[in-house]
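Written out below as structure tokens is the structure these notes cover.
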Amino acid sequence: MKNYVSASILSADMLNLEKEVCRLKNSGIDMLHFDVMDGIFVNNITYGLPVLSAIRKITDMTLDVHLMITDPIRYVERFAENGADIISFHLESQSNTTETIREIKSAGAKAALAIKPATPAEVVYDYLPYLDMLLVMTVEPGFGGQSFMPDACAKVKPIRERILSLGIDCDVQVDGGIDSITAETAKKAGANVLVSGSYLFRAEDMSAAASELKEETGC
Ligand code: DX5
Ligand code: ZN
């Protein structure tokens, strides 16, 4: 299975975002992970549509938007119009899951469903045939730089098995506390899209860190 790296710009130098985006692209990173927080679904507030649209103008990288907001269905069309290629929203949000998936797809983006660490794997099974990606949070959403939660990552295995048994094409993304060691655990469990913020931006050699994250596990 091919692995992809999605860099969370929550850890980027915000005053030099254009340079940072070029650095990601030149380091062989596949996607740019854009964390949107509304201060209600999670305590923190980040950035939104104008920043996404500015990034869209300067890059052809895949823009992977992670909505940590209370009522995502109200905004998915605008995120797609402003450049999102993939839109993840939370199962724990207030929006109807099936309708939100439909709305994302009709806006022309890929649809992904995200689950928090305490949400059991089984609750996503019925949605898998309609999704392009399933996002398993390996930290509590809200902040970068937290420690990886192995118990949350354990859900990746049954989810990947379900995807295989359904014979469908659905990526499994992990997000939170991903570094070269925890990425190995996540890939072994069946994840193939690794979100990484602090590890990548702190690395002395971003290209080397990215290729390590992408390396195949051999099983
Ligand atoms: C957390 C965010 C993550 C975060 C990852 O709520 O969804 O995308 O930026 O950052 P690290 O890799 O530092 O845990
Ligand atoms: Zn995220």
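These values consider heavy atoms only, across backbone and side chains, with no hydrogens, waters or symmetry-generated copies. First listed ligand is number 1; within each ligand, the first listed atom is number 1. Because the structure is a prediction, the values reported are computed rather than measured.
- Counting atoms of ligand 1 from 1 in the listed order, those under 4.0 Å from a heavy atom of M68 are 6 (O), 7 (O).
- When hydrogens are left out, the protein atom nearest atom 12 (O) of ligand 1 is G197 N, 2.8 Å; that is the closest non-hydrogen contact.
- D13 has no carboxylate O lying under 4.0 Å from a charged side-chain N of K19, or vice versa, which leaves the two without a salt bridge.
- Counting atoms of ligand 1 from 1 in the listed order, those under 4.0 Å from a heavy atom of S196 are 12 (O).
- Distance CG/L135 to CG/D64: 8.0 Å, rounded to 0.5 Å.
- One finds an angle of 100° at the Zn ion (ligand 2) between OD2 on D175 and NE2 on H33, to the nearest 10 degrees.
- Atom 9 (O) of ligand 1 has S8 OG, 2.8 Å as its closest protein atom, hydrogens excluded (heavy atom only).
- Heavy-atom contacts of G145 reach the following atoms of ligand 1: 11 (P), 13 (O), 14 (O) (cutoff under 4.0 Å).
- In terms of protein heavy-atom proximity, atom 10 (O) of ligand 1 is nearest to G144 CA, 3.7 Å.
- Formation of a donor-acceptor pair under 3.5 Å by the T46 side chain with backbone atoms of M37 is found in this model.
- The N/O atoms of S11, backbone and side chain alike, include none that comes under 3.5 Å of an N/O atom in ligand 1.
- In this structure, F143 counts as a contact residue of ligand 1, since one of its heavy atoms falls inside 4.0 Å of the ligand.
- By the 3.5 Å distance cut-off applied to N or O atoms, V195 is not counted among the residues near ligand 1.
- A donor and an acceptor atom, one from each side chain of E92 and T119, are located under 3.5 Å apart.
- Which parts of ligand 1 touch M37 is read off a 4.0 Å heavy-atom cut-off, strictly below it: atoms 6 (O).
- An N or O contact shorter than 3.5 Å links D175 to ligand 1 by distance.
- The side-chain tip of K116 points at the ring of F41 from less than 6.0 angstrom away and within 45° of straight on.
- Rounded to the nearest 0.5 angstrom, C22 SG and E18 CD are separated by 6.0 Å.
- Some N or O of D35 is nearer than 3.5 Å to an N or O of ligand 1, by distance alone.
- In the model, N192 has a side-chain atom that pairs as donor or acceptor with a side-chain atom of D171 under 3.5 Å.
- Each of the atoms 8 (O) of ligand 1 lies under 4.0 Å from some heavy atom of H33.
- Both the backbone and the side chain of S198 come within 4.0 Å of ligand 1, judged by heavy-atom distances.
- Near G142, with a cut-off below 4.0 Å to any heavy atom, the atoms of ligand 1 are 1 (C), 6 (O).
- Within ligand 1, counting atoms from 1 as listed, the ones closer than 4.0 Å to a heavy atom of L10 are 9 (O).
- One finds a salt bridge joining D85 and R56 here, because a Lys/Arg side-chain nitrogen approaches an Asp/Glu carboxylate oxygen to under 4.0 Å.
- At the Zn ion (ligand 2), the vertex angle linking OD1 of D35 with ND1 of H66 is 90° (nearest 10 degrees).
- The aromatic ring centres of H66 and F34 sit 6.0 Å or more apart.
- The closest protein non-hydrogen atom to atom 14 (O) of ligand 1 is G177 N, 2.8 Å.
- A salt bridge is defined here as a Lys NZ or Arg NE, NH1 or NH2 lying under 4.0 Å from an Asp or Glu carboxylate O, and R78 with E81 fails to meet this definition.
- Side-chain contact of S8 with D175: a donor-acceptor pair under 3.5 Å is absent, judged by distance alone.
- Counting the atoms of ligand 1 from 1 in the order shown, those under 4.0 Å from a heavy atom of H66 are 7 (O).
- Looking only at atom types and distance, the side chain of D38 has a donor-acceptor partner in the side chain of T70 under 3.5 Å away.
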